[in-house]
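Please read the structure below before turning to the comments.
Side chains included, hydrogens not; waters and symmetry mates left out as well; all remaining heavy atoms used. This chain uses plain numbering: 1 for the first residue, then up along the sequence.
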Amino acid sequence: MLIETIVCSAREGVEARMLRMLKTRQEFKRRQEGCVAAWLGSAPDNSNLVLVQTVFDSASSWKSISERVQTSLDAEDGGIETLLLGPPLVGMFQVDPKDLDGLLK
């Protein structure tokens with residue numbers, strides 16, 4: 001399994017829009033075959049810092065779902081890049097499915 005982790009912040013004045021767009025993307029991913037789980041969280045101090053995480057069953061699922069996000073959602077709303085304060089921190093991590101037992105049910 002792969003876990004995609006993104007940490008980002010919105011430019012001032014577009015925080016609510018970016019959060020709505022991120023929520024839409026996570027809901028979209030959850031409906032795709034190959035997505036095990038998808039969620040996001042906000043910093044508790046209201047600092048506008050957002051954590052976006054998605055668990056995929058394979059690298060091919062990650063690629064396929066990411067392409068679907070680009071061709072459908074990004075094509076429709078222009079994507080979130082213009083809303084970001086700066087470049088997001090992005091990481092991909094391979095995880096043994098046994099380590100996630102009980103967490104994703």
Side-chain angles (χ1 to χ4, degrees):
M1 287 188 178
L2 290 178
I3 297 179
E4 175 186 54
T5 299
I6 302 169
V7 179
C8 59
S9 294
R11 288 185 295 107
E12 190 172 329
V14 296
E15 299 91 349
R17 180 172 181 224
M18 188 181 86
L19 197 56
R20 283 192 308 272
M21 290 173 71
L22 289 172
K23 285 180 182 178
T24 298
R25 280 153 175 73
Q26 292 305 84
E27 290 169 12
F28 178 86
K29 290 176 188 178
R30 279 193 290 272
R31 293 191 304 266
Q32 307 304 308
E33 185 174 335
C35 177
V36 177
W39 62 89
L40 59 89
S42 299
D45 63 358
N46 296 323
S47 67
N48 194 29
L49 192 62
V50 180
L51 171 70
V52 182
Q53 291 190 302
T54 310
V55 181
F56 300 95
D57 64 8
S58 67
S60 61
S61 291
W62 165 76
K63 183 178 181 188
S64 173
I65 293 169
S66 297
E67 287 172 352
R68 278 184 246 151
V69 167
Q70 290 176 353
T71 58
S72 59
L73 298 177
D74 288 357
E76 183 178 308
D77 63 21
I80 66 164
E81 287 77 16
T82 61
L83 306 177
L84 295 173
L85 179 62
L89 175 62
V90 179
M92 291 294 287
F93 304 92
Q94 191 161 356
V95 178
D96 188 323
K98 293 182 294 187
D99 293 337
L100 300 176
D101 283 349
L103 293 175
L104 301 174
K105 293 184 181 184

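- In this structure, a donor-acceptor pair under 3.5 Å is absent between the side chains of Gln32 and Lys29.
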Would you list the atom pairs, donor with acceptor, under 3.5 Å between side chains in residues 75-91 and any protein atom, with sequence neighbours excluded?
| residue | atom | partner | partner atom | Å |
| --- | --- | --- | --- | --- |
| Asp77 | OD1 | Arg25 | NH2 | 2.7 |
| Asp77 | OD1 | Gly79 | N | 2.9 |
| Asp77 | OD2 | Arg25 | NH1 | 3.1 |
| Asp77 | OD2 | Arg25 | NH2 | 3.1 |

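- Summarising the geometry, atom CH2 belonging to Trp62 is positioned 14.0 Å from atom CG belonging to Asp57; distances are rounded to the nearest 0.5 Å.
- Here the side chain of Gln94 pairs no donor or acceptor atom with the backbone of Leu2 at under 3.5 angstrom.
- The cluster map of Ile, Leu, Val, Met, Phe, Trp and Tyr, joined by side-chain heavy atoms under 4.5 Å apart, puts Trp39 and Leu100 in the same cluster.
- Between the side chain of Ser64 and the backbone N or O of Ser60 there is no donor-acceptor pair closer than 3.5 Å.
- Between the side chain of Asn48 and the backbone N or O of Ala10 there is at least one donor-acceptor pair closer than 3.5 Å.
- Considering all non-hydrogen atoms of both residues, Glu15 and Glu12 come closest at OE2-CA, 3.3 Å.
- Between the side chains of Ser61 and Glu33, no donor-acceptor pair of N or O atoms lies under 3.5 Å.
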Sequence neighbours left out, cut at 3.5 Å: what donor-acceptor pairs do the side chains of residues 16-24 make with other protein atoms?
| residue | atom | partner | partner atom | Å |
| --- | --- | --- | --- | --- |
| Thr24 | OG1 | Arg20 | O | 3.0 |

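- The side chain to side chain donor-acceptor pair (under 3.5 Å) search around Thr5 returns Gln53, not counting sequence neighbours.
- Considering all non-hydrogen atoms of both residues, Cys35 and Thr54 come closest at SG-CG2, 3.8 Å.
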